[in-house]
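Worksheet: the structure to be examined is printed underneath.
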Amino acid sequence: MFKKSDFGIVFNTLFSFAFAAALTLYVQFMSGSLTFESFCMGLVPAYAINFVLGSYIPLVKMGNAFAGIFVKNEKNPLFYFLRMLAIVVVMTAAMSFLCMFYEMGFNPAFPIAFVSSLPLTLVFAYIVACIIFPFLLKGTNALCVKEG
């Protein structure tokens, strides 16, 4: 069990792992190179990148600010979906860029590959994030029960 004050780091750990696993599966499946070994080899840097991005970018504040532009009531479901959209766009774009650069390096085809793969990846990532977020939130609440 974890302290309630550790909620952010616990949630970031769980979300980064789930998000990295889903996107790694998707990208490798779409490229036709999905094997257990390629999944494991892709998951490690994807998780590390996600975790670092989630730790240093104030995603919740940014998402709340973006959603607050359109919807003032935080209890409104539209607020939730807009907040998730902002978070997913930043996380997916940064993760995709860094993971693809890690795989391809300084390749002239890199910008074209990144731009062409990003729209479908964003759609997939948004759907996955909207689905897993409530479950991870409940799981993190269950793990972070200690006081102090």
Side-chain angles (χ1 to χ4, degrees), residues 1-71 74 77-144:
M1 294 301 168
F2 300 94
K3 296 178 188 174
K4 287 186 178 193
S5 61
D6 295 331
F7 183 88
I9 195 78
V10 173
F11 182 81
N12 185 35
T13 302
L14 296 174
F15 184 78
S16 295
F17 184 78
F19 200 63
L23 287 181
T24 301
L25 281 171
Y26 172 76
V27 168
Q28 291 183 355
F29 177 76
M30 293 304 284
S31 69
S33 63
L34 179 61
T35 63
F36 180 73
E37 181 183 358
S38 69
F39 171 73
C40 291
M41 295 300 291
L43 179 62
V44 172
Y47 168 71
I49 289 169
N50 257 335
F51 185 78
V52 169
L53 291 172
S55 296
Y56 291 104
I57 299 174
L59 294 167
V60 174
K61 289 180 183 178
M62 182 191 61
N64 287 342
F66 176 75
I69 293 170
F70 303 101
V71 179
E74 291 186 14
L78 183 58
F79 187 90
Y80 166 78
F81 289 112
L82 288 172
R83 178 178 61 193
M84 286 305 300
L85 178 65
I87 291 170
V88 166
V89 166
V90 170
M91 287 294 288
T92 304
M95 179 189 160
S96 293
F97 181 85
L98 293 170
C99 286
M100 192 175 285
F101 184 76
Y102 173 76
E103 292 288 326
M104 295 180 74
F106 290 102
N107 188 326
F110 172 72
I112 296 166
F114 174 70
V115 170
S116 65
S117 69
L118 190 59
L120 286 176
T121 305
L122 280 171
V123 170
F124 178 79
Y126 182 67
I127 293 167
V128 166
C130 286
I131 292 170
I132 67 171
F133 190 84
F135 296 108
L136 294 177
L137 199 58
K138 286 181 183 178
T140 305
N141 278 327
L143 289 172
C144 296

#### Entry: Gap separating the OG1 atom of T13 from the CG atom of L143, nearest 0.5 angstrom
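Between T13 OG1 and L143 CG, I get 10.5 Å after rounding to 0.5 Å.
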
### Message
For L25 and F29: C-alpha separation, side-chain torsions, deciding distance, then whether side chain to side chain contact (heavy atoms under 4.5 Å, CB included) applies.
### Response
CA-CA 6 Å; L25 281 171; F29 177 76; 5.9 Å; no

### Message
Holding to side-chain contact (heavy atoms from CB on, under 4.5 Å), I want the full list of residues that pass it with V71, two or more places apart in sequence or in another chain.
### Response
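Scan of V71 (side-chain contact (heavy atoms from CB on, under 4.5 Å), adjacent residues dropped) gives N76, L78, F79, L82.
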
### Task
Under the side-chain contact (heavy atoms from CB on, under 4.5 Å) rule, collect the residues that match up with I87, sequence neighbours excluded.
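For I87 the side-chain contact (heavy atoms from CB on, under 4.5 Å) partners, ignoring immediate neighbours, are L59, R83, M91.
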
Search all heavy atoms of [X] against all heavy atoms of [Y] and return the closest pair with its distance.
{"X": "C99", "Y": "A46", "result": "SG-CA, 3.7 Å"}
{"X": "K4", "Y": "C144", "result": "CG-O, 3.5 Å"}
{"X": "A142", "Y": "M1", "result": "O-SD, 3.8 Å"}

### Message
Any non-hydrogen side-chain atom of F17 less than 4.5 Å from a side-chain atom of N50?
### Response
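Contact flag for F17/N50 side chains = no.
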
### Query
Taking side chain as C-beta onward, heavy atoms only, is Y26 less than 4.5 Å from L34?
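A side-chain contact under 4.5 Å is absent here.
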
Show me the donor-acceptor pairs within less than 3.5 Å that the side chains of residues 105-125 make with the rest of the protein, sequence neighbours left out.
{"from": "N107", "atom 1": "OD1", "to": "A109", "atom 2": "N", "distance (Å)": "2.9"}
{"from": "S116", "atom 1": "OG", "to": "I112", "atom 2": "O", "distance (Å)": "2.9"}
{"from": "S116", "atom 1": "OG", "to": "A113", "atom 2": "O", "distance (Å)": "3.2"}
{"from": "S117", "atom 1": "OG", "to": "A113", "atom 2": "O", "distance (Å)": "3.0"}
{"from": "S117", "atom 1": "OG", "to": "F114", "atom 2": "O", "distance (Å)": "3.3"}
{"from": "T121", "atom 1": "OG1", "to": "S117", "atom 2": "O", "distance (Å)": "2.7"}

Give the table of side-chain donor-acceptor pairs shorter than 3.5 Å for residues 131-141, with sequence neighbours excluded, one pair per line with atom names and distance.
{"from": "T140", "atom 1": "OG1", "to": "L136", "atom 2": "O", "distance (Å)": "2.7"}
{"from": "N141", "atom 1": "ND2", "to": "L137", "atom 2": "O", "distance (Å)": "3.3"}

#### Entry: Parallel, tilted or perpendicular: ring planes of F66 versus F70, cut at 30 and 60 degrees
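Answer is perpendicular, since the angle exceeds 60°.
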
### Query
With sequence neighbours excluded, what pairs up with Y102 under the ring pair (Phe, Tyr, Trp, His ring centres under 6.0 Å) test?
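Applying ring pair (Phe, Tyr, Trp, His ring centres under 6.0 Å) to Y102 gives none.
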
### Message
Under the rule for ring pair (Phe, Tyr, Trp, His ring centres under 6.0 Å), what residues qualify as partners of F36, not counting sequence neighbours?
### Response
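Partners of F36 under the ring pair (Phe, Tyr, Trp, His ring centres under 6.0 Å) test: none.
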
### Task
Inspect the surroundings of CE in M104 and state if more than 12 heavy atoms from other residues, nucleotides or ligands are less than 6.0 Å away.
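More than 12 heavy atoms, drawn from other residues, nucleotides or ligands, come within 6.0 Å of this atom.
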
### Message
Can you tell me if Y80 has over 12 outside heavy atoms packed within less than 6.0 Å of its OH?
### Response
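Yes, the 6.0 Å shell around OH holds more than 12 heavy atoms from other groups.
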
### Task
Write out all pairs satisfying side chain to side chain donor-acceptor pair (under 3.5 Å) with one or both partners inside residues 30-41, taking only residues at least two apart or from two chains.
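Qualifying pairs: Q28-S38, S31-S33, T35-S38.
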
### Query
Got a sec, which pairs hit side chain to side chain donor-acceptor pair (under 3.5 Å) with one end in residues 53-62, sequence neighbours left out?
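Passing the test, one end in residues 53-62: N12-S55.
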
